[in-house]
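The structure presented is a predicted model; accordingly, all values stated were derived computationally and were not measured.
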Amino acid sequence: MLDIECFSYLNRALENEMAPILVVATNRGITRIRGTNYRGPHGMPIDLLDRLLIISTQPYTEDEIHQILDIRCEEEDVEMSGDAKLLLTKIGHETSLRYAIHLITAAALACQKRKGKEVDIQDVSRVYELFIDVKRSTQYMMDYQDQFMFNEIPQVSDDTVIA
């Protein structure tokens, strides 16, 4: 989202004696640098890119998600059965870790409402049905877009060609 002027400002700031620590995250490939006709890796000028330490990241594995959810359950004082944690791990792997973490609290409240001592699969399943993730929300919006008041996606008939 940064353009060439922003990159120039950051370059000057990094040359300062009191240079800030700059953290940049991107998923862009070799693409046009905004504000120019030049292309660069990550859409960034080469002179700024030379100053950066690039760290490659990988998505979490199911085991890592399980460990993170274990820690989060412990921090939130939520007792959860092993099967429920496995289901939550699967949900976190298929959707997002953030969504799975949000379901911990919601499932604990569902368990509390049914006067249970430990969050079980039924609690996780219940909150999974109640609170949808981004992918399911997007699908819902696409399926029912014509029923919303402000629908900006044009209606397409079978003989219309979209360029």
Side-chain angles (χ1 to χ4, degrees), residues 1-82 84-112 118-119 123-124 127-128 130-142 145 148-154 162-163:
M1 307 238 347
L2 302 176
D3 63 3
I4 193 66
E5 291 177 15
C6 293
F7 288 128
S8 295
Y9 174 79
L10 290 174
N11 246 340
R12 282 193 304 274
L14 291 173
E15 291 172 356
N16 191 341
E17 184 177 306
M18 299 285 287
I21 295 175
L22 178 65
V23 178
V24 181
T26 182
N27 62 356
R28 298 178 74 198
I30 296 176
T31 185
R32 188 177 67 81
I33 301 167
R34 290 188 172 99
T36 70
N37 292 325
Y38 298 105
R39 296 167 56 93
H42 310 293
M44 301 174 77
I46 295 294
D47 58 332
L48 178 63
L49 203 57
D50 284 341
R51 295 171 181 254
L52 302 178
L53 176 66
I54 299 173
I55 301 170
S56 176
T57 58
Q58 302 296 322
Y60 290 122
T61 65
E62 283 194 39
D63 290 337
E64 292 169 332
I65 291 173
H66 189 78
Q67 290 173 350
I68 292 168
L69 293 174
D70 276 340
I71 293 168
R72 190 60 184 234
C73 285
E74 187 177 313
E75 288 297 317
E76 293 188 19
D77 292 327
V78 174
E79 294 292 324
M80 188 174 291
S81 71
K85 280 185 188 172
L86 287 176
L87 177 59
L88 204 56
T89 300
K90 182 180 177 190
I91 291 170
H93 187 69
E94 291 175 1
T95 60
S96 72
L97 178 60
R98 178 173 289 153
Y99 175 69
I101 287 173
H102 287 307
L103 290 184
I104 292 172
T105 305
L109 291 171
C111 174
Q112 186 178 19
E118 182 179 68
V119 174
D123 301 315
V124 175
V127 296
Y128 180 76
L130 290 174
F131 304 105
I132 60 177
D133 59 280
V134 173
K135 190 183 295 182
R136 290 186 294 158
S137 175
T138 304
Q139 185 61 48
Y140 178 85
M141 296 299 288
M142 296 301 288
Q145 67 187 349
F148 291 105
M149 184 180 294
F150 299 106
N151 176 19
E152 295 184 5
I153 298 176
I162 297 178

In this structure, CG of Asn27 is separated from NE2 of His42 (nearest 0.5 Å) by 10.0 Å
The complete set of salt bridge (Lys or Arg N to Asp or Glu O under 4.0 Å) pairs with one or both residues in residues 46-67, sequence neighbours excluded, reads Glu15-Arg51
>> Less than 4.5 Å apart, side chain to side chain, heavy atoms only: is that true for Ile46 and Pro41?
In response: yes
Rounded to the nearest 0.5 angstrom, the CD-CD1 distance for Glu76 and Ile101 is 8.0 Å
For Ala13 and Pro20 the tightest heavy-atom approach is O-CD, 3.6 Å
CG of Leu88 to CG of Asp123, rounded to nearest 0.5 Å, is 11.5 Å
So CZ of Arg72 and CD1 of Ile65: to nearest 0.5 Å the spacing works out to 14.5 Å
>> Are there over 12 heavy-atom neighbours, none belonging to Ile54, within less than 6.0 Å of that residue's CD1?
In response: yes
Run the numbers on Asp133 and Ile91 for side chain to side chain contact (heavy atoms under 4.5 Å, CB included), then give the verdict. CA-CA 10 Å; Asp133 59 280; Ile91 291 170; over 6 Å; no
Closest non-hydrogen atoms of Ile4 and Gly35, given as atom of the first, atom of the second and distance, are CG2-O, 4.0 Å
Do Leu69 and Leu97 make a side-chain contact, defined as non-hydrogen atoms from C-beta onward lying under 4.5 Å apart? yes
Q) Do Leu86 and His66 come close enough that some side-chain heavy atom pair is under 4.5 Å? A) yes
Taking every heavy atom of Ala100 against every heavy atom of Gly92, the minimum-distance pair comes out as CB-CA, 3.6 Å
The side-chain hydrogen bond (donor to acceptor under 3.5 Å, both in side chains) partners of Tyr99 (sequence neighbours excluded) come to Arg136
If you define the side chain from C-beta out and look only at heavy atoms, does anything of Val127 sit under 4.5 Å from Leu109?
no
**Prompt:** Under a 4.5 Å cut-off applied to non-hydrogen side-chain atoms, are Leu10 and Val24 in contact?
**Reply:** no
Between Phe131 and Leu103, the two heavy atoms sitting closest are CB-CD2, 4.5 Å
(request) Could you tell me whether a side-chain N or O of Arg98 sits under 3.5 Å from a main-chain N or O of His102, the two making a donor and an acceptor? (result) no
Please check if the number of heavy atoms outside Glu79 that lie under 6.0 Å from its CD is greater than 12. no
In short, Leu48 meets Leu52 closest at the heavy-atom pair O-CG, 3.4 Å
All heavy atoms of Arg28 vs all of Gly43, minimum pair found to be NH1-CA, 3.9 Å
**OP:** Report, as yes or no, whether the 6.0 Å neighbourhood of atom CD on Glu74 holds more than 12 heavy atoms from other residues, nucleotides or ligands.
**Re:** no
Value for CG (Leu2) from OG (Ser8), rounded to nearest 0.5 Å, stands at 11.0 Å
message: Within the 4.5 Å heavy-atom criterion, are Val124 and Val119 side-chain neighbours or not?
response: yes
| said: I'd like to know whether NZ of Lys85 has more than 12 heavy-atom contacts from other residues, nucleotides or ligands below 6.0 angstrom. | reply: yes
